[in-house]
Amino acid sequence: MAEAYPCFFSPISLGPVRLRNRSFFPGHGIGKTRDFAPSDESIAYYEARIDGGTDLIFTEIIHVDETAIHAPSPRLTVDAAVPRFARLTEAVHARGAKVFGQLFHPGRLLIRNPDGTRPVAHSASALPDERLFNMPRAMTLADIDRIVDLYADAADRMKRAGFDGMEIIACHGYLLEQFLAPGLNKRADAYGGPLENRCRFLVRIAEAVRQRVGDGHAIGVRLSASHLWDGELSETDLVEACAHLDRSVRLDFYSITTGSFGSLANSLLNIPPMGNHTDVAVPSAAAVKKVVSKPVLVAGRITQPARIEQIIADGEADMVGTVRAMIADEDFVRKMREGRPEDIRTCIGCNQACIGHRNIGAFVSCIMNPVTGREHIYRDLPPASPPGNVLVVGGGPGGMKAAAVAAARGHRVTLYEKKPALGGQVRLAQSLPDRSEFGGVTTNLEREMDLAGVAVRKGVAVDRAMIEREAPDHVIVATGAHPWLPDIMGAEDGAIVQANDVVSGSARVGNRVLVADWRGDWTGLGVAELLARNGCHVRLAHLGYGPGEFLQGYVRADWVGRLHKLGVEMIPLARLVGMDGETVYLQHTTNSEPIILEGIETVVASLGNAPDMTLEQELDGWAGSVRYVGDCRAPRTAEEAILEGFEAAAEM
């Protein structure tokens, strides 16, 4: 059914590389590197996306300079590494797809050395960044010559490893963008000042790479525009740079994205989260396409098949990349080709298990798709042997995932939910400002259950007697959790209410509110924003070092910025002790000193949940097969609930 998306499923050439469709899987860190090269697990990750329909894989960043390592990502700095990268290219080619390597140098954006010490960073000029807090050395002419040679050497190794093309990374605030952006380049020599000078370093690298690898490989450059802080590369700068490159050096494509890791403001645009941050790079790509003669690629939270087709049909770009869309559903492109867009597991932009995992050193996954990052374990689950009757208790994310996977394996599955609607705590999360997309968790899982043939019974409570009557072969309990409230002085007076009740609308609050946040997740921040938008004077007392401490960094930074704009006062390291009239008593968590707040009408408690163990206690001593998943085991997030639901169904 490719006829539904004729432009997207038309062939294209990037220089000498012929592609069957306009899809590509953009480069991103996946956390599966072993000894600085692709592992069997990372190869399986890429293979799943090729089998899912994409025709072009871009690897994650590949370092060219052994002295400037940004992350534990691959590096092609020695000849001995070539055979290990050849394993990846051979696997991609065996499936009929193409693979391009990303040539990368971080410049000033270095994190730490492997031994934990601070690195010596280099950049166009001695200007510090606002995220990693490095003060770099301005590069000498000898430094520039050395790095040009390192790019050429790494490209040559890519050629010998069997890569079809190379993408020079000049985006996201890394080294080459540090030369391109006038706000970051204050040099007074041939590499600073006018546009031609600021592009000179990149031009030299592109020429050196072309000379080393010849005409049989595609060579392109990836660039990004940043719109939220004037110091980095603007869209105007980007377009002018691309026009100059098109005149000055022979490139085969331009890949356009957004954002920069050099500032908190623009880091939001690197991996845009939910909340109207969609198609963010398309205007920049369309502007670049008007001034260059080669194909333009675009990526940046483009998740809807109809929009993807429109971008190409309208000439805004020539190819569309989807990272998180294919992390959420590895078969995204295949389902488009088969005319089944309604079956796509749509990315909701939560950033929790993709970039959120990478920020803490874990491998990329997806809260809705536990197979991602675990392809080598779970990609091809065997049919149930023998198939049986499965009773699932609880229609939250964990129960729904368990039901869908068990039914897909051939079990006969009935899911019971005591409330009239499915979704569990997802229904609360999606009610908060700019979080409506979180409801996609429920939508996606309902579709998975429907496709697998799960029978759903809503408004039905389950107890031991019912289970014994039904006599299922397997029971999966996903009964969730309930809000927890410790012994708080003054709670009996009714001026302390639960955050869940505020979100659902069942609790009334006064005009002057304190949100007491233990969880450090979406609840405290979301309730504070909800009440502030509704005209309340809000203070947010959080137990951690900073508000939203356990949210992914870009999501947290954006949310805290919104709260600041709304006038929410944020109080760190504060534990709720009690309330007396309109006086609230907090305790500093490190020195136990009191923090006393006056004029508070209502305290909203976001103090976590306790597991609902009612059914587990009823089933004590029952001889049947039973598994407990999600919050009824231990209250955490939708990610753990869905993973445990998947694992329970996979093991039956």
Side-chain angles (χ1 to χ4, degrees), residues 274-275 425-436 438 481-551 555-589 593-610 635:
M274 69 176 68
Q425 291 193 55
V426 170
R427 296 198 307 275
L428 295 173
Q430 73 187 62
S431 301
L432 293 171
D434 294 327
R435 300 287 285 179
S436 62
F438 205 86
H482 50 78
W484 180 73
L485 187 68
D487 292 332
I488 300 291
M489 179 185 70
E492 66 277 4
D493 295 332
I496 300 178
V497 300
Q498 290 285 2
N500 286 10
D501 294 331
V502 174
V503 177
S504 68
S506 61
R508 297 176 63 89
V509 300
N511 291 322
R512 300 184 304 281
V513 179
L514 173 74
V515 177
D517 180 23
W518 168 83
R519 300 174 63 173
D521 65 0
W522 55 269
T523 313
L525 295 183
V527 171
E529 182 178 8
L530 177 69
L531 294 174
R533 286 193 181 190
N534 288 339
C536 295
H537 178 272
V538 180
R539 299 176 187 177
L540 173 64
H542 46 88
L543 203 67
Y545 296 109
E549 190 167 335
F550 291 97
L551 291 173
V555 174
R556 178 177 62 247
D558 179 52
W559 217 330
V560 170
R562 296 204 306 268
L563 293 185
H564 177 266
K565 191 173 182 178
L566 288 167
V568 175
E569 178 186 348
M570 290 167 261
I571 307 168
L573 301 171
R575 178 189 299 116
L576 177 64
V577 176
M579 185 176 186
D580 182 13
E582 292 192 354
T583 302
V584 173
Y585 301 96
L586 306 172
Q587 185 181 46
H588 198 281
T589 60
E593 289 293 311
I595 304 171
I596 301 174
L597 304 179
E598 303 285 355
I600 303 294
E601 297 178 62
T602 309
V603 171
V604 178
S606 177
L607 301 177
N609 294 320

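- With 3.5 Å as the limit, one finds no donor-acceptor pair spanning the side chains of Arg435 and Gln430.
- A donor-acceptor pair under 3.5 Å is absent between the side-chain atoms of Ser506 and the main chain of Val502, judged by distance alone.
- Between the side chain of Asp517 and the main chain of Gly520, a donor-acceptor pair closer than 3.5 Å is present.
- Annotation: side chain of Leu531 is in contact with side chain of Val604 (closest heavy-atom distance under 4.5 Å).
- Put simply, OG1 on Thr589 and CG on Leu573 are 4.0 Å apart, with the number rounded to the nearest 0.5 Å.
- Two residues are said to be in side-chain contact when any heavy atoms from C-beta on lie closer than 4.5 Å; Trp518 and Trp484 fail this criterion.
- Minimum interatomic distance between Gly490 and Ile496 (heavy atoms only, all atoms of both residues): C-CD1, 4.3 Å.
- Nearest approach of Gly510 to Thr602, heavy atoms of both residues: N-OG1, 2.8 Å.
- Legend: residues meeting side-chain contact (heavy atoms from CB on, under 4.5 Å) with Ile600, ordered by chain and number and at least two apart, are Leu514, Arg539, Met579, Val584, Leu597, Val603.
- Interatomic distance, Leu576 CG to Tyr585 OH, rounded to the nearest 0.5 Å: 12.5 Å.
- Pairing each heavy atom of Ala499 with each of Ser606, the nearest pair is CB-CB, 4.0 Å.
- When all heavy atoms of Ala528 and Val568 are compared, the closest pair comes out as O-CG2, 4.3 Å.
- Counting heavy-atom neighbours within 6.0 Å of His564 NE2, excluding the residue itself, gives a total of 12 or less.
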Show the numbers, then the answer: is there a side-chain contact (heavy atoms from CB on, under 4.5 Å) between His542 and Ile571? CA-CA 6 Å; His542 46 88; Ile571 307 168; 5.7 Å; no
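- Considering only heavy atoms from C-beta on, Arg575 comes within 4.5 Å of Leu543 through its side chain.
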Evaluate the side-chain contact (heavy atoms from CB on, under 4.5 Å) criterion for residues Arg533 and Leu566: first the C-alpha distance (whole Å), next the side-chain angles of each, then the deciding distance (0.1 Å), finally the verdict. CA-CA 7 Å; Arg533 286 193 181 190; Leu566 288 167; 4.1 Å; yes
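- Using a 4.5 Å heavy-atom threshold, the side chains of His537 and Val513 count as separate.
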Mind running side-chain contact (heavy atoms from CB on, under 4.5 Å) on Asn511 and Glu601 for me, showing each step along the way? CA-CA 7 Å; Asn511 291 322; Glu601 297 178 62; 3.6 Å; yes
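- Taking both residues in full, the closest heavy atoms of Pro572 and Tyr545 are given as CB-O, 3.6 Å, listed atom of the first, atom of the second, then distance.
- Leu525 and Gly548 make their closest contact through CD1-CA, 3.7 Å (heavy atoms, listed as atom of the first residue, atom of the second, distance).
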Stepwise, does the side-chain contact (heavy atoms from CB on, under 4.5 Å) test hold for Leu428 with Ser504? CA-CA 7 Å; Leu428 295 173; Ser504 68; 4.0 Å; yes
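- Side-chain contact between Arg519 and Asn609 is present, with at least one heavy-atom pair separated by less than 4.5 Å.
- Ion pairing of Arg508 with Asp501 is absent here, as no side-chain N (NZ or NE/NH1/NH2) approaches a carboxylate O to less than 4.0 Å.
- Counting heavy atoms from C-beta outward, Pro486 and Leu607 have side chains that approach closer than 4.5 Å.
- A heavy-atom distance below 4.5 Å is not found between the side chains of Val577 and Ile488.
- The distance from the CG atom of Leu563 to the CG atom of Leu540 is 7.0 Å, given to the nearest 0.5 Å.
- Between Glu549 and Arg556 there is no salt bridge, since none of the side-chain N atoms of the basic residue sits less than 4.0 Å from a carboxylate O of the acidic one.
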